[in-house]
Enquirer: 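Would you mind keeping the following structure in view while I ask a few things?
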Amino acid sequence: MPGTDLEEAARQARRLVADLEAEAAAIAESTAEGPDDEHDVEGSSIGFERLRVAALLGRAEASLKAIEEALARQRAGGYGRCLSCHGPIGRERLDALPTAELCIDCARSSRA
Ligand SMILES: [Zn+2]
C-alpha cells in the first residue's frame with residue numbers, strides 16, 4: 001500500500017533527529033562547565049564533535065521535513081503529483097526518492 005514507506009521513513013527520521021538532539025545535549029552538558037586548561041585537547045575534539053553532530057542534525061531535520069511535507073501531500077491527495085506541471089511523478093522515481101516534489105522532466109529542467 002502506498003504511504004507505508006513514507007510513514008516508516010518519517011519514523012526513522014524522527015528517531016535519528018531525537019538521537020542527534022540527545023547527543024548534542026550531552027555534548028553541550030559536557031562543555032557547560034567551561035574551558036579547563038587541563039582538558040584543552042579534549043576540548044578541541046568536543047568542539048569538532050559538536051560541529052559534526054550539528055551538521056548531522058541539520059541534515060536529519062531537513063530530511064524529516066521533506067518526508068513530513070510528502071506525508072502532508074499524501075493526506076491532501078496530491079502525493080505523486082508534480083508540484084510544477086501537476087503531472088504524475090513516475091513510480092520508479094518515487095521508489096528511488098519518496099519525497100520527490102517534481103517529476104523527472106521538471107526536476108531536470110529546474111536544474112538546468
Ligand atoms: Zn513536472
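As the structure is a prediction and not an experimental result, all values here were calculated from the model. Remember, it's 1-based here, ligands and their atoms both numbered in the order they're listed.
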Enquirer: Which residue pairs pass the salt bridge (Lys or Arg N to Asp or Glu O under 4.0 Å) test with at least one member in residues 72-89, sequence neighbours excluded?
Expert: Arg73-Glu101
Enquirer: May I ask you to decide whether Glu8 forms a salt bridge with Arg11, counting only side-chain N to carboxylate O separations under 4.0 Å?
Expert: yes
Enquirer: Show your working on side-chain contact (heavy atoms from CB on, under 4.5 Å) between Glu21 and Glu61 and close with a plain yes or no.
Expert: CA-CA 10 Å; Glu21 277 173 350; Glu61 281 173 342; 3.7 Å; yes
Enquirer: Testing the basics here: between Leu57 and Val17, what is the closest heavy-atom pair and its distance to 0.1 Å?
Expert: CD1-O, 3.7 Å
Enquirer: Step by step, work out the side-chain contact (heavy atoms from CB on, under 4.5 Å) result for Cys85 and Cys103.
Expert: CA-CA 8 Å; Cys85 71; Cys103 70; 3.8 Å; yes
Enquirer: So, taking the atom named CG in Leu6 and the one named CD in Glu69, what distance separates them when rounded to the nearest 0.5 Å?
Expert: 12.0 Å
Enquirer: Please list, in chain and residue-number order, the protein N/O/S atoms closer than 2.8 Å to the Zn ion (ligand 1).
Expert: Cys82 SG, Cys85 SG, Cys103 SG, Cys106 SG
